[in-house]
Amino acid sequence: MAKVSATETTALLDTLTIVKCRELLESRQLTSADLVGMLFDRLEASEPFVHAYVSANRAEALAAARRLDEERASGQIRGTLHGLPLSVKDVFHVQGTLTRAGSRAYEHAAPDTTASAVQRCLDAGAFVMGKLVTHEFALGQDEPETRNAWNLEHYPGGSSAGAGVAVAVGSALAALGTDSAGSVRKPAALNGVVGFKPTYGAVATDGVVALSPSLDHVGTFTRTAEDCRLLFDVLAPATAQHHAAPPSAGPVDLTGARIGVCPYFSDSDHVWPAVQERFSASLERLRSGGAQIVEITMPSLRPAVAAGFIVMAAEAAAVHAARLRERGSLYSTPTRVLLEAASLLPATFAERAQQVRELIRRSMYEAFTGHSLDALISPTVPRTSMRLADMVPDRDLAEYIRNTVVANLTGQPAVTLPCGLTGDALPVGVQLTGVPYRDRELLNLAGLVEEAIADGFQAAPGSWTAKESSTSSRRGDL
Amino acid sequence: MTNESPDTPSVRALAAAAGLDLEEGDDSLVRAALEGLLAFGRELLDIDVSEVPSSLRFTPGWPR
């Protein structure tokens with residue numbers, strides 16, 4: 001079959017998915033080396049604007065791609081991700097590559113092991129093309145250079161800021177991030193891509209710089225729910241719990257789906273009108289598609305943000321205790337100050353936060369079992385991305401995690417899907433929260449919901465495309 | 001924390017007791033951050049948790 005030409009690459013990058021790449025690689029219309037060329041052209045054109053990457057090496061990525069191309073040519077396929085580049089948040093250890101965790105205070109050693117989640121992708125034939133910007137230690141207090149893919153004056157979300165932006169602009173095909181209060185789903189929603197936080201423990205977190213061990217999850221950034229499902233199948237071993245779940249794949253169409261809505265998540269005191277408008281339009285489309293939208297109330301969710309902050313603060317203070325004493329001056333001031341304050345929290349609060357967390361989990365269990373819900377739907381983030389110049393972290397960050405932190409507290413799987421743009425051309429996401437260990441069922445439902453509420457993936461427009469065109473024509477090949 | 005008297009330990013002294021030597025100039029910033037966290041903590045104290053055992057540790061999945 002004819003190979004993809006250089007002039008087709010910009011259009012292709014704006015629609016590229018893992019599934020489409022696999023088809024192109026299998027039909028020999030594209031090689032992994034071609035793919036690396038395209039992604040690096042986009043990366044080099046967009047990075048001066050968005051600053052999504054900490055490090056990426058074209059020559060190393062090309063060498064890895066060529067090795068995998070040779071294997072494919074000889075009939076050797078390692079797995080589902082054979083020949084596909086993956087970008088990872090710079091809190092994942094990758095053997096031989098520096099881990100920085102967004103901080104001068106981190107020891108910056110090149111690890112001699114690779115995080116299990118990354119290793120599973122490598123075993124399936126992927127290779128790491130670069131490491132992505134994180135807020136310092138994934139805490140979200142500092143302000144990295146990364147900018148929103150849709151508006152360079154706006155907040156990119158965090159802490160997996162680089163991952164959301166890179167997948168949105170097309171300098172990454174897919175990415176791994178971490179999520180302790182919404183750090184995958186928030187940047188995914190604010191940049192218009194799919195972000196997934198699996199059930200707590202479903203994907204291993206070893207080899208990942210910890211923030212708050214009982215809230216930390218490894219998550220994914222992709223452009224479609226189908227890609228997300230494919231990546232999750234690679235990342236998650238079939239644990240005993242997953243085997244124990246009934247074999248149902250979830251609803252096969254929306255007509256059979258029961259989806260809950262809860263006022264906590266769409267409270268007009270917190271949710272901006274532009275977000276509410278997109279969310280309401282999505283609910284209408286789901287109703288039209290035959291889904292049953294079930295109204296439920298869960299008053300116990302009210303203190304979710306407070307419980308999330310206290311659990312995270314207490315655990316992060318413990319994680320950072322030694323480093324804070326030994327290398328405190330190397331932290332950025334906002335991160336250090338929060339960790340120092342967290343170190344002084346009364347133990348009573350930490351204990352009470354765990355009890356409140358259990359109340360929230362019981363409430364979720366009763367809602368899901370009592371109403372036979374397949375999922376709960378909500379705006380992923382109550383706001384769109386703000387202008388960075390207007391943000392006041394102490395005031396605004398709690399609002400940005402209001403709807404996402406709940407699933408970190410309960411450990412439920414949760415996925416954000418793009419549901420269109422506001423009048424200001426900023427993306428809005430809807431979040432589906434599912435049943436623990438029914439991740440695959442949730443992602444199948446997400447595919448149905450995605451089809452109903454969005455008209456396909458929409459890449460972020462950017463001034464880098466003009467520069468990229470000149471780069472591609474100058475290079476003249478792929 | 002806002003009405004500090006001569007008998008109230010300073011944030012710096014509390015931090016020292018916790019093994020931390022605050023950076024120069026961090027005192028007021030840490031105080032403000034701590035006040036924010038304490039406000040969250042006080043919100044939790046108002047909640048009836050009598051049905052939940054203390055010394056609870058998070059386990060994944062639905063409640064057992």
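Treat the numbers as computed from the prediction; the structure is a model and nothing was measured.
- Between the A/Glu315 side chain and the A/Leu211 main chain, no donor and acceptor come within less than 3.5 Å of each other.
- Highest contact tally toward chain A, considering only B/Leu29, B/Thr59, B/Asp26, B/Asp48, is held by B/Asp26 [criterion: heavy-atom pairs under 4.5 Å].
- Per-residue counts of heavy-atom pairs under 4.5 Å with chain B were compared for A/Ser300, A/Ala313, A/Ser329, A/Ala321; the largest is that of A/Ser329.
- The candidate from A/Ala307, A/Ala350, A/Pro346, A/Ala398 with the greatest count of non-hydrogen atom pairs under 4.5 Å with chain B is A/Ala307.
- Contact of B/Glu43 with chain A is made through the side chain alone, with heavy-atom distances under 4.5 Å.
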Handout entry: Step-by-step side chain to side chain contact (heavy atoms under 4.5 Å, CB included) determination, A/Lys197 to A/Val218
Key = CA-CA 7 Å; A/Lys197 180 203 83 64; A/Val218 167; over 6 Å; no
Exercise for the section: Show your working on side chain to side chain contact (heavy atoms under 4.5 Å, CB included) between A/Thr178 and A/His217 and close with a plain yes or no. Expected result: CA-CA 6 Å; A/Thr178 55; A/His217 298 70; over 6 Å; no
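- The contact list for residues 332-341 of chain A toward chain B, using heavy atoms and a distance under 4.5 Å, reads A/Thr333, A/Arg336, A/Val337, A/Leu338, A/Glu340, A/Ala341 by residue number.
- The pair A/Arg361-A/Glu358 counts as a salt bridge, with a side-chain nitrogen and a carboxylate oxygen less than 4.0 angstrom apart.
- Here the side chain of A/Thr404 pairs a donor or acceptor atom with the backbone of A/Ala181 at under 3.5 angstrom.
- Contacts of A/Asp396 classified as salt bridge (charged side-chain N to carboxylate O under 4.0 Å, His left out), with partners at least two apart in sequence or in another chain: A/Arg383.
- Taking the ring centroids of A/Phe349 and B/Phe40, they lie at or beyond the 6.0 Å cut-off.
- Contact of A/Ala353 with chain B is made through backbone and side chain together, with heavy-atom distances under 4.5 Å.
- For A/Val311, no part lies under 4.5 angstrom from a heavy atom of chain B.
- By the 4.0 Å N-to-carboxylate-O rule, B/Arg12 lies close enough to B/Asp27 to be salt-bridged with it.
- Relative ring orientation between A/Phe137 and A/Tyr331 is described as tilted, the plane-to-plane angle lying within the 30° to 60° band.
- Using a 30° and 60° split on the angle between ring planes, B/Trp62 and A/Phe368 fall in the tilted class, from 30° to 60°.
- Using a 4.5 Å cut-off between heavy atoms, A/Ala342 contacts chain B through both its backbone and its side chain.
- If you tally non-hydrogen atom pairs under 4.5 Å between each of B/Gly19, B/Gly36, B/Ala32 and chain A, the highest count goes to B/Gly19.
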